[in-house]
Amino acid sequence: MIQEALAEIARGTAEIIDTERIEKLLRGYFEEGKIYQVKVGFDPTAADLHLGHTVLLQKLATLQRYGAHVQLLIGDFTAMIGDPTGKSETRKRLDRHTVLEHAKSYQEQVFKILDITKTEVVFNSKWLEALGVDGLVGLTTLFSVARMLERDDFDKRYKAGQNISISEFLYPLLQGYDSVELKSDMEIGGTDQKFNLLMGRHLQRAYGVGKEQAILMMPILEGLDGVQKMSKSLGNFVGITEPANTIYAKILSISDELMWRYYELLSKRSLDEIAHLQKSVSDGSFHPKTAKENLALEIVTRFYNEESAKIAKEEFDNVFKANQLPSDIKEYEIETDCWICKALVDAELELSTSQARRDIQQGAVRIDQVKISDDQMKLCDGEYTLQVGKRKFAKVKVR
RNA sequence: GGUGAGUUACUCAAGCGGCCAAAGAGGGCAGACUGUAAAUCUGCUGGUUUAUACCUUCGAAGGUUCGAAUCCUUCACCCACCA
């Protein structure tokens, strides 16, 4: 029983630190019904969750089935410093109102996956504000600069002669201190958070919390481009609140190679089943497109339902296989005798008339499914369907 | 505090008085081919009612010049080294 649970928990993880401890927590649950605290941190700056977040969330949901109580930590205090992982720009401090709003929006999304009765939302400003300069200085004595510089990204930047600010040293310390306050038994995060996660362990020891959190690291999900990590700012994401049709279409646009990665990290199918599927595709007995469709259907179903997923697929096939128009196209009203380039801009299909002109010259623009080549034409009264490229549509009423 | 280097379009990065809306790469968009996949090939990639044209852009503001991303001055920011 415990071993089974452990195997399920370990599935897809990149690294686990202190498996013995996790085993102990599970034993406590199975034998005595003891629950334990699992910490996960979120930045309150981005309120839209995407598939990358769900890798963590799904793992948490699994843990919740085995006795975990989730501490969903909103890093409202640390967010203003900015995580040094990645680019560092001085961030604006968010006001209380905005933070609460983001947190609320998080909860709406998070509980599509997590069990609300086993989750608690906490804000680290609560204790970090109270920490004071005194406490902060105390905290900084517990870790050395040399060890801080061991951290991979600091090391690289230091050697490359790039700037590292003191506040960036504070970030992992404060995040680790959260684990002290929360007395977490386990923390889950992406592999890029390894240093920060370990800091929690280190500080729990230093502060004599009486336990050291186990660490569960999940791989970072690549974005739609298959190279960089999925993030909203890079625009390579699939948001979990996006329309079913969009989610479906985005999944279908990923490369075959990336599809297996998504299967591994997002699908609920067993690893054996996925391996089998992969084999069938590589020996040609199963079409990769079908495999991708199944994946897309599974993911859409998770956030909506089977019916919506089916409709999304039909819509997709209609538009891209049969070259028909999508069923819901935005409508715009345009004045008569409108220059085509201007109309394209007004219908929000193009950003500028110059761009519109270029696209027309390249044969990317269609009116009522017919390709046009004259960038000087005007639209007279009537209703038209404008299309730019393969996926941008708009209906216009000209009068 | 001293010395030196730097700030160019979405990103990196060339340019060092006119041929600069600004090389090149990446990214993005579009076309061909497809499974709206990848790979590949091609075109485009500041704006403007139609442009061997004009306008805005090369950290900011001034100046020199017929003419400046390029030279000078001041300011801001950033980095390294020395203290």
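Sequence lines set the chain letters: A, B, ... in the order given, protein chains first and strands last, and positions in each chain run from 1.
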side-chain hydrogen bond (donor to acceptor under 3.5 Å, both in side chains) pairs, two or more places apart, involving residues 247-258 of chain A: E242(A)-K250(A), D256(A)-K292(A)
Spacing of L252(A) atom CG relative to rU36(B) atom P, expressed in whole Å: 8 Å
Inter-nucleotide P distance (rC29(B), rA38(B)), Å rounded: 11 Å
Among rA51(B), rG35(B), rG31(B), the one nearest R357(A) by side-chain distance: rA51(B)
Sugar-phosphate only, base, or nothing, as touched by K342(A) at under 4.0 Å among non-hydrogen atoms: nothing
Residue W339(A), side-chain atoms from C-beta onward, closest of rU36(B), rU49(B), rG35(B): rU49(B)
Gap between atoms CZ and P, on F316(A) and rU36(B) respectively (whole Å): 6 Å
Closest listed nucleotide, where the reference is the side chain of S354(A) and the choices are rU49(B), rG31(B), rG47(B): rG47(B)
Name the atoms and distances for all side-chain donor-acceptor pairs under 3.5 Å in residues 54-63 of chain A, with sequence neighbours left out.
{"from": "T54(A)", "atom 1": "OG1", "to": "L51(A)", "atom 2": "O", "distance (Å)": "2.6"}
{"from": "Q58(A)", "atom 1": "OE1", "to": "R302(A)", "atom 2": "NH1", "distance (Å)": "2.7"}
{"from": "Q58(A)", "atom 1": "NE2", "to": "L266(A)", "atom 2": "O", "distance (Å)": "3.4"}
{"from": "K59(A)", "atom 1": "NZ", "to": "E8(A)", "atom 2": "O", "distance (Å)": "3.3"}
{"from": "K59(A)", "atom 1": "NZ", "to": "I9(A)", "atom 2": "O", "distance (Å)": "2.9"}
{"from": "K59(A)", "atom 1": "NZ", "to": "R11(A)", "atom 2": "O", "distance (Å)": "2.7"}
{"from": "T62(A)", "atom 1": "OG1", "to": "Q58(A)", "atom 2": "O", "distance (Å)": "3.0"}

Nearest-angstrom distance, P atom, rA13(B) to rC79(B): 15 Å
Nucleotide paired to rC12(B) in any strand shown, Watson-Crick or G-U, under 3.5 Å: rG24(B)
Partner set under salt bridge (Lys or Arg N to Asp or Glu O under 4.0 Å) for K34(A), not counting sequence neighbours: E32(A)
Toward the 5' end of RNA chain B, by each residue's nearest nucleotide, P288(A) or R366(A): R366(A)
Interatomic distance where CD1 belongs to I340(A) and P belongs to rU49(B) [whole Å]: 14 Å
Ring pair (Phe, Tyr, Trp, His ring centres under 6.0 Å) involving Y207(A) - partner list, sequence neighbours excluded: Y177(A)
Whole-angstrom distance between rC78(B) and rG59(B), as gauged at atom C1': 10 Å
Pairs touching residues 267-315 of chain A that satisfy ring-ring contact (aromatic ring centres under 6.0 Å, His included), sequence neighbours left out: none
Sub-4.0 Å heavy-atom contacts from residues 344-353 of chain A onto RNA chain B, ordered by number: S352(A), T353(A)
P spacing across the pair rU70(B) / rA9(B), given as an integer number of angstrom: 14 Å
Linked hydrophobic residues, V137(A) as query - side chain contacts closer than 4.5 Å: V133(A)
Gap in Å between the two P atoms, one belonging to rA21(B) and one to rG26(B), rounded: 25 Å
Where at least one partner belongs to residues 130-149 of chain A, residue pairs that pass salt bridge (Lys or Arg N to Asp or Glu O under 4.0 Å), sequence neighbours excluded: R147(A)-E150(A)
Of residues 383-399 of chain A, the positions that come close to RNA chain B - non-hydrogen atoms, cut-off under 4.0 Å: G389(A), K390(A), R391(A)
Who pairs with rC71(B) - Watson-Crick or G-U, where each distance is under 3.5 Å: rG63(B)
Electrostatic pair E20(A):K24(A) at N-O distance under 4.0 angstrom: no
Same-atom distance (C1') from rU48(B) to rG31(B), integer angstrom: 26 Å
Listed once per pair and sorted, the side-chain hydrogen bond (donor to acceptor under 3.5 Å, both in side chains) pairs that draw on residues 385-399 of chain A, sequence neighbours left out: none
Atom-pair distance (CG on L224(A); P on rU36(B)), nearest Å: 17 Å
Euclidean distance, atom CD of residue Q228(A) to atom C1' of rG28(B) [Å, nearest integer]: 13 Å
Separation of atom CD1 in I360(A) from atom P in rG31(B), rounded to whole Å: 13 Å
Watson-Crick/G-U partner (both atom distances under 3.5 Å) of rC29(B): rG43(B)
Using nucleotides 38-44 of chain B, report all nitrogen or oxygen pairs with the protein that are shorter than 3.5 Å.
{"from": "rG43(B)", "atom 1": "N2", "to": "Q362(A)", "atom 2": "OE1", "distance (Å)": "3.3"}
{"from": "rG43(B)", "atom 1": "N2", "to": "Q362(A)", "atom 2": "NE2", "distance (Å)": "3.2"}
{"from": "rG43(B)", "atom 1": "N3", "to": "Q362(A)", "atom 2": "OE1", "distance (Å)": "2.8"}

E306(A) atom CD: more than 12 heavy-atom contacts under 6.0 Å: no
Set of residues satisfying side chain to side chain contact (heavy atoms under 4.5 Å, CB included) with respect to R358(A), sequence neighbours excluded: S354(A), Q355(A)
Same-atom distance (P) from rU56(B) to rA69(B), integer angstrom: 12 Å
rC58(B) to rC81(B) separation - P atoms, rounded to the nearest Å: 31 Å
Partner nucleotide, any strand, of rC79(B) [Watson-Crick/G-U, under 3.5 Å]: rG4(B)
Polar contact flag, side-chain donor to acceptor under 3.5 angstrom, S285(A)-D283(A): yes
No-hydrogen, no-angle side-chain donor-acceptor test under 3.5 Å, E101(A) and S105(A): no
